[in-house]
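Since the structure is predicted, the reported quantities are computational estimates derived from the model, not experimental observations.
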There are 2 protein chains.
Amino acid sequence: MPRRSFAEFACSLARSLDVIGDTWTPLILRDVFLGVDKFNDIARDLGVSRALLADRLEHLVREGVLGETVYHQRPRRVRYTLTDGGRELVPILVALTQWGDRWRSGGEAPLEFTHECGASLDAEVACGDCGRPLVAESIAARPGPGGRMAPGTVVIAERLTREGT
Amino acid sequence: MPRRSFAEFACSLARSLDVIGDTWTPLILRDVFLGVDKFNDIARDLGVSRALLADRLEHLVREGVLGETVYHQRPRRVRYTLTDGGRELVPILVALTQWGDRWRSGGEAPLEFTHECGASLDAEVACGDCGRPLVAESIAARPGPGGRMAPGTVVIAERLTREGT
DNA sequence: CCTAGCAAGTTCAGATAATGAACGCAGCCC
DNA sequence: GGGCTGCGTTCATTATCTGAACTTGCTAGG
């Protein structure tokens with residue numbers, strides 16, 4: 001649970017960060033994706049405090065990123081699963097992992113991924129339209145339909161609006 | 001600064017999160033990318049506490065994600081810029097923003113991006129080899145050259161090794 | 001029946017980090 | 001000189017994280 005809610009921010013990045021914007025949450029999601037989906041297993045895998053894990057799992061379920069599969073009633077025992085929304089986060093987490101491979105692990109990947117096409121996976125963010133890999137220089141921003149002046153984008157909104165006129 | 005350093009984790013995701021794994025850092029990087037690159041501007045834009053911002057900026061510079069361009073000596077005044085490593089994070093942040101557009105903002109993007117190809121940008125994570133968009137189901141994991149048994153991947157390492165044999 | 005063990009939390013005291021407001025400080029503008 | 005700008009720093013308060021122990025409901029073994 002982030003220290004502050006970004007719900008009122010007119011910014012989808014902030015809203016995403018409300019869900020996965022902390023140190024442990026992405027690791028929890030990765031674990032669930034890799035099949036480490038039970039409370040004790042995740043706690044042991046990550047070495048995270050149980051209180052925090054319980055808190056985060058509840059948050060992720062409430063936010064619709066994780067779902068629960070009951071495998072034992074009374075006492076209720078649950079496997080955590082990725083929802084559709086959660087599954088859409090996986091490629092982003094893989095891309096972030098590979099950024100870490102390149103810039104933090106000296107190119108030596110602790111974990112390698114393979115794609116169903118058979119290749120050792122190199123995840124890249126591409127333009128859905130022209131298909132070319134995205135680089136920062138090729139991207140521009142402008143206010144969208146959901147945009148408005150609100151905390152989190154005060155200065156940005158000013159500038160983009162000014163530039164647009 | 002996360003509550004705990006993940007440096008000893010044999011996991012590039014954890015190492016990435018050591019750099020950008022908190023609530024404010026990705027927003028700071030987005031601001032710098034969008035040209036909001038001075039201390040006061042970022043502080044005002046995000047409404048973040050100045051102590052935290054100073055801390056994070058220093059951290060990001062130390063980690064090589066941001067650089068400084070001195071625009072005034074004595075007193076030293078600086079614009080923050082993205083390094084090569086930092087620029088490679090931008091597409092990932094855009095992808096995360098658009099995940100938020102889809103799942104948190106009801107499809108109404110507060111901020112829209114355009115690609116140099118002319119299209120309204122739809123950032124997707126694709127396989128660098130076959131070019132198809134990545135979905136969670138098409139990805140498998142196996143231990144890589146940098147892998148070892150260490151905190152953060154205890155259970156995962158066990159399982160992947162067992163499966164591999 | 002008794003004891004041990006397991007899985008998934010919960011509780012709690014102490015440590016750490018975040019917040020918001022005020023302060024410092026160097027130079028610039030008039 | 002006096003006020004302003006820009007970038008921090010300091011500080012008290014509040015919120016969050018940690019690690020260890022505890023709880024609860026059930027199952028397995030003897």
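- Counting to the nearest Å, the P atom of C/dA8 and the CD1 atom of A/I42 are 9 Å from each other.
- In the hydrophobic clustering of ILVMFWY residues, with side-chain heavy atoms under 4.5 Å counting as a link, A/L13 and A/V154 come out apart.
- To the nearest angstrom, C1' of D/dC7 lies 13 Å from CD of B/E58.
- Checking the phosphate oxygens (OP1, OP2) of D/dC17, a side-chain nitrogen or oxygen of A/R56 falls inside 4.0 Å.
- In the set C/dG27, D/dC26, C/dA8, C/dA8 carries the atom at the smallest distance from any side-chain atom of A/Y71.
- Taking side-chain N and O atoms only, B/W24 has a distance below 4.0 Å to OP1 or OP2 of C/dT19.
- Classification of A/D18 and A/R15 as a salt-bridged pair fails, no side-chain N sitting under 4.0 Å from a carboxylate O.
- Between A/Y80 and C/dG9 there is a side-chain polar atom (N or O) within less than 4.0 angstrom of OP1 or OP2.
- The C1' atoms of five pairs define one axis at each end of the helix from C/dC1-D/dG30 to C/dC30-D/dG1, and these two axes lie 0° apart (to 10°).
- Residue B/Q73 contributes atom CD, which lies 16 Å from atom C1' of C/dC28 at whole-angstrom precision.
- Near DNA chain C, meaning a heavy atom under 4.0 Å from it, residues 27-41 of chain B has no residue at all.
- The backbone N or O of A/S16 sits nowhere less than 3.5 Å from a side-chain atom of B/R104 that would complete a donor-acceptor pair.
- Computed from coordinates, the A/L46 CG to D/dG19 P distance equals 13 Å when rounded to whole Å.
- Separating the NE2 atom of A/H72 from the P atom of D/dC26 is a distance of 8 Å, rounded to the nearest angstrom.
- B/Q73 CD: 12 or fewer foreign heavy atoms inside a 6.0 Å radius.
- Phosphate contact (OP1/OP2 of C/dA26, side-chain N/O of B/R76, threshold under 4.0 Å): absent.
- In this structure, the side chains of A/I28 and A/V48 stay at 4.5 Å or more apart for every pair of heavy atoms.
- Residue A/D55 contributes atom CG, which lies 13 Å from atom C1' of D/dT18 at whole-angstrom precision.
- Atoms CG (B/D22) and P (D/dT16) sit 14 Å apart, rounded to a whole Å.
- Rounded to an integer number of Å, the gap from A/R44 CZ to C/dG9 C1' is 17 Å.
- Within 4.0 Å of A/A51, counting heavy atoms only, lies at least one base atom of the nucleic acid.
- Between A/L82 and A/L29 the shortest side-chain heavy-atom distance falls below 4.5 Å.
- The pair A/R159-B/D45 does not meet the salt-bridge criterion, since no charged nitrogen lies less than 4.0 angstrom from a carboxylate oxygen.
- Note on ring orientation: taking the six-membered ring where Trp is involved, the planes of B/F9 and A/W24 are tilted (angle from 30° to 60°).
- For D/dC26, the OP1/OP2 oxygens have a side-chain nitrogen or oxygen of A/R74 closer than 4.0 Å.
- The listed nucleotides are D/dT18, C/dG9, C/dG27; the one nearest the side chain of A/R50 is C/dG9.
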